[in-house]
Amino acid sequence: MELASYSDYAVRLVNTEEPARSKDTLTSVEAVRELFGGSQQAARRATEADVTRFRSVRARLRAVFEAADDGDETLAVDLLNSLLLEFPVSPQISGHDFRDEDGRPDWHMHLADHPSNATAGYAAIAAMGLAFHLTGHGVDRLGLCEAAPCRNAYLDTSTNRSRRYCSDRCATRANVAAYRARKREEAERTGRSAEAAQPSTAVTDR
Ligand SMILES: [Zn+2]
Ligand SMILES: [Zn+2]
């Protein structure tokens, strides 16, 4: 597993909240556990106290994406660095579950197998993954969806750095909105020129 792919942990956590719509799905231990995906062992460690702790890490991760989206690279890096300091990784090589054709373990890195609590483990993985992504691909690869009111976080992995939306759904929604706005503008413009073609009485009288 490439370490930068752990940056999905950061995106997944940030997107449990939609501030503009006042929506928040991170309201229970179960919701916290779901974020761990396949890492069942780590997920089981989560307790009620982690809900609040996860939310606080989420706000700080969102701030990193916001700074990057504003083009403030130094701020984004400073914010991420402080998360890295606070939630350090404790790397271990692991070979569980997976075997190659010859039955040898598929050795891979685990970043936080023995954290003090579930939040510390998750935050360490998310921050490290995001740091690898940022240094490997660029700060401008971190973005927030432009299809208002959505402000979901995304990582741009397109070859020409053209990504602007969190999902296909938002891209479609933005395209439809842009099309409607164009149509409205056109209608207004033709309306106006029709008015202009009609000489007003005030002008002809003079
Ligand atoms: Zn593993
Ligand atoms: Zn979106």
Side-chain angles (χ1 to χ4, degrees), residues 1-26 32-46 58-59 61-71 87-115 117-133 140-158 161-181:
M1 191 178 207
E2 198 203 332
L3 287 180
S5 66
Y6 282 121
S7 53
D8 287 347
Y9 274 58
V11 173
R12 224 158 44 222
L13 175 54
V14 170
N15 292 348
T16 56
E17 187 188 25
E18 293 185 70
R21 290 173 167 140
S22 304
K23 267 202 211 157
D24 189 346
T25 56
L26 195 59
V32 168
R33 289 189 176 140
E34 264 175 38
L35 286 168
F36 284 89
S39 309
Q40 289 305 314
Q41 214 186 325
R44 270 198 298 274
R45 213 176 278 129
R58 177 178 67 187
L61 282 170
R62 175 171 280 281
V64 174
F65 278 92
E66 265 164 11
D69 196 61
D70 287 346
F87 300 105
V89 290
S90 47
Q92 289 285 288
I93 303 163
S94 181
H96 65 92
D97 294 345
F98 317 107
R99 304 252 159 201
D100 67 12
E101 286 165 0
D102 301 322
R104 279 183 305 237
D106 180 10
W107 301 116
H108 61 283
M109 295 296 295
H110 277 193
L111 295 181
D113 271 354
H114 307 286
N117 57 59
T119 307
Y122 193 97
I125 295 167
M128 194 65 164
L130 201 52
F132 271 105
H133 204 285
D140 61 347
R141 294 293 190 153
L142 281 61
L144 292 171
C145 186
E146 284 180 22
C150 182
R151 291 286 281 162
N152 274 354
Y154 64 79
L155 293 164
D156 186 357
T157 49
S158 65
R161 297 173 187 253
S162 58
R163 185 158 175 186
R164 289 161 62 204
Y165 308 109
C166 71
S167 59
D168 288 343
R169 207 167 62 107
C170 274
T172 307
R173 201 159 51 77
N175 283 338
V176 170
Y179 173 79
R180 288 207 182 117

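In each ligand, atom 1 is the first atom listed, and ligand 1 is the first ligand listed. As the structure is a prediction and not an experimental result, all values here were calculated from the model.
- Between Tyr9 and Phe36, the ring planes lie perpendicular to each other; the angle is over 60°, past the 30° to 60° tilted range.
- By the 4.0 Å N-to-carboxylate-O rule, Arg12 lies too far from Asp8 to be salt-bridged with it.
- For His110, the N, O or S atom closest to the Zn ion (ligand 1) goes by the atom name NE2.
- Angle SG(Cys150) to the Zn ion (ligand 2) to SG(Cys170): 110° [nearest 10 degrees].
- Counting just the N/O/S atoms of His108, the one with the shortest distance to the Zn ion (ligand 1) is named NE2.
- Counted within 6.0 Å of CZ on Arg21, heavy atoms from surrounding residues, nucleotides or ligands total more than 12; the atom is thus considered enclosed.
- Computed with the Zn ion (ligand 2) at the centre, the Cys166 SG to Cys145 SG angle is 120°, stated to 10 degrees.
- Thr25 places a side-chain N or O within donor-acceptor distance of the main-chain N or O of Thr16, the cut-off being under 3.5 Å.
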